[in-house]
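Quick notes on the structure that follows.
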Amino acid sequence: MKKLLVASLLSAATGLQVFAQSEVAVSINGVDPKYTISRHIYGHFSEHLGRCIYDGFWVGDSLNVPKQDRIRMDIVDALKRIQIPNLRWPGGCFADEYHWRDGIGPRMQRPTMVNTNWGGVTEDNSFGTHEFLELCGLLKCEPYISANVGSGTVEEMAKWVEYLNFGGISPMTNLRKQNGRAEPWKVSFWGVGNESWGCGGNMTAERYADEYKRYATYARDYEGTRLKKIACGPSDGNYNWTEVMMKNVGRQMWGLSLHYYTIPTGNWGKKGSATAFDEQEYFNTMKNCLQMEEFVSRHSAIMDRYDINKNVALVVDEWGIWTDVEPGTNPGFLYQQNSLRDALIAGTTLNIFNNHADRVKMANLAQTINVLQALILTQKEKMLLTPTYYVFDLFKVHQDAKLLPVSFTSPGYTSGDKKIPALNMSASKDSTGKVHITLVNIDPENKWKISTSLMGVKFSTVTGQILTSSRLTDINTFDGPPKVKNSNFSGAKKQGDQLVVEIPAQSIVMLELK
Ligand code: AHR
């Protein structure tokens with residue numbers, strides 16, 4: 001598995017190919033960059049699921065941590081440091097059972113509800129519309145609300161939009177004012193249902209396309225806020241769903257969502273452990289992760305046929321690794337640890353999104369705290385930043401920067417007769433002229449020497465940061481300092497006009513050229 005240089009061709013993470021080689025030649029085109037990497041690619045997702053909202057963002061009065069109302073401020077500060085651009089809420093599957101009016105008004109008077117999707121727990125609705133928008137205000141990020149199509153009504157959705165966005169005189173405005181908020185919030189990212197082919201109503205694509213148009217018609221644009229309506233899209237390789245939506249709905253949506261989760265074993269019944277895996281399982285996990293390239297490319301190609309000017313965004317609003325839950329935890333809470341493997345998945349996926357910035361305008365990792373591929377884990381007062389968090393810290397430099405196309409031929413990472421690209425990368429130029437390159441080497445054994453020529457880019461210094469650790473299974477724990485975290489990288493230098501980088505095995509590197 002760990003031998004290099006087997007000559008053959010394979011589809012690669014960046015749409016490139018794998019050949020035999022000892023040194024990797026990369027070229028970056030800095031001349032007239034065309035597309036912007038939307039900061040919203042770096043979005044996050046917070047569902048009423050397990051300990052993401054309750055006992056995550058929203059904690060009990062008695063918990064001894066800095067709080068504003070019941071919002072945990074150490075978490076807010078950590079997410080602000082990575083410039084979280086948007087937060088999706090309240091689901092997920094939960095969204096299609098959520099009735100927003102149960103989550104407004106005096107908290108003691110709100111009805112309880114059973115979270116039938118996730119663990120069957122009873123929630124007190126103390127975290128609702130006002131609390132979510134207060135959280136987004138503290139995070140300085142844009143809210144992305146997914147509204148109920150599956151078990152809700154058109155009227156319920158229409159009234160929610162009025163409650164959120166209308167500034168004039170109306171029953172919903174009065175209600176909002178009674179509940180303590182005078183000004184509209186101006187929410188623009190608006191999800192019309194979630195996974196409507198499954199937990200959101202088990203519909204066919206044709207049926208959903210019609211339902212989308214009915215709901216979307218009455219989700220109005222009020223003065224000062226144009227809704228960016230995001231339709232439920234396909235999961236994985238359901239290309240028929242995309243075809244039908246583009247044909248029947250097309251420009252009536254701002255975005256079409258795509259969900260894809262990396263399952264280590266590829267088997268939903270026994271997904272694999274978050275922390276105990278061997279190299280074979282690691283290889284399979286990375287192979288599954290790299291399928292994102294194929295899904296994004298093929299869904300985009302369908303969208304291109306109907307929308308040549310790329311007006312409709314592909315919104316990958318659920319992605320990440322999904323493993324078995326940690327032993328002893330509630331299976332409905334989806335609590336999993338987070339290792340260096342997760343970081344390599346995050347870096348690889350974000351590079352894929354960056355390189356598809358022409359079509360992918362938004363994405364949301366599932367999920368922010370204590371659920372699936374989390375950025376943050378908490379244990380009572382303690383909290384830790386996962387390896388995945390550190391990837392978002394490295395990659396934040398790409399937010400709203402111009403994508404610089406990269407071309408190279410990746411060496412292969414092989415397992416038996418299977419081979420996947422060892423390297424993936426993306427590059428951008430920010431508004432101050434700095435160029436950033438993020439490189440991921442998923443090969444656990446081999447380092448690579450990379451010689452890069454940069455067209456149209458002048459630089460005199462290169463600095464960098466690296467995320468790596470000695471084992472793929474390394475994690476951060478609640479006791480002691482983080483083991484997997486960013487540190488300074490000195491393996492890149494300018495040689496003539498070239499940039500030469502030695503990227504270590506199993507690492508993620510961010511370079512800044514000035
Ligand atoms: O993120 C967990 C769940 O995965 C979401 O609720 C659902 O949309 C998806 O199936």
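Below, all heavy atoms of this structure are taken into account, side chains as well, without hydrogens, waters or symmetry copies.
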Between [atom1] of [X] and [atom2] of [Y], what distance do you get to the nearest 0.5 Å?
X      : Y      : atom1 : atom2 : value
Tyr222 : Leu227 : OH    : CG    : 9.0 Å
Thr275 : Glu326 : OG1   : CD    : 5.0 Å
His356 : Tyr35  : NE2   : OH    : 12.0 Å
Ile475 : Thr477 : CD1   : OG1   : 6.5 Å
Leu340 : Leu472 : CG    : CG    : 5.5 Å
Ile41  : Ser38  : CD1   : OG    : 6.0 Å

Decide whether [X] and [Y] meet the rule of one side-chain donor and one side-chain acceptor closer than 3.5 Å.
X      : Y      : value
Thr225 : Ser188 : no
Glu195 : His259 : yes
Asn354 : Tyr42  : yes
Gln336 : Trp322 : no
Ser273 : Asp324 : no
Thr378 : Asn370 : yes
Tyr215 : Asp210 : no

For Asp400, salt bridge (Lys or Arg N to Asp or Glu O under 4.0 Å) partners two or more places apart: Arg39
Side-chain heavy atoms of [X] within contact of [Y], under 4.5 Å:
X      : Y      : result
Met253 : Met246 : yes
Leu344 : Met286 : yes
Arg341 : Thr473 : no

[Y]/[X] salt bridge by N-O under 4.0 Å criterion:
X      : Y      : answer
Arg107 : Asp69  : yes
Arg88  : Glu47  : no
Lys247 : Glu243 : no
Arg70  : Glu131 : no
Asp307 : Arg251 : no

Aromatic contact, Phe353 with His398 (centres under 6.0 Å):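 No, too far apart.
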Output field: ring centroids Phe395/His436 closer than 6.0 Å: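 Not close enough - the centres of the two rings lie 6.0 Å or further apart.
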Salt bridge (Lys or Arg N to Asp or Glu O under 4.0 Å) evaluation trace for Glu162 with Lys159: CA-CA 5 Å; Glu162 184 185 321; Lys159 291 252 159 70; 6.0 Å; no
Lys228 to Phe189 six-membered ring, cation-pi geometry met (6.0 Å, 45°): yes
Lys310 vs Asp304, salt bridge (Lys or Arg N to Asp or Glu O under 4.0 Å): CA-CA, chis, key distance, verdict: CA-CA 7 Å; Lys310 302 180 191 289; Asp304 285 349; 3.2 Å; yes
Closest contact, heavy atoms only, Gly150 versus Asp96: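 That would be N-OD1, 2.7 Å.
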Side-chain donor/acceptor of Thr468 to backbone N/O of Gln506, under 3.5 Å: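 Yes, because the side chain of Thr468 sits within donor-acceptor range (under 3.5 Å) of the backbone of Gln506.
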More than 12 heavy atoms from other groups under 6.0 Å of NZ on Lys380: no
Leu79: which of Ile75, Val76, Asp77 passes side-chain contact (heavy atoms from CB on, under 4.5 Å): Ile75
SG-SG distance Cys93 to Cys199 under 2.5 Å: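 The sulfur gammas are closer than 2.5 Å, so yes.
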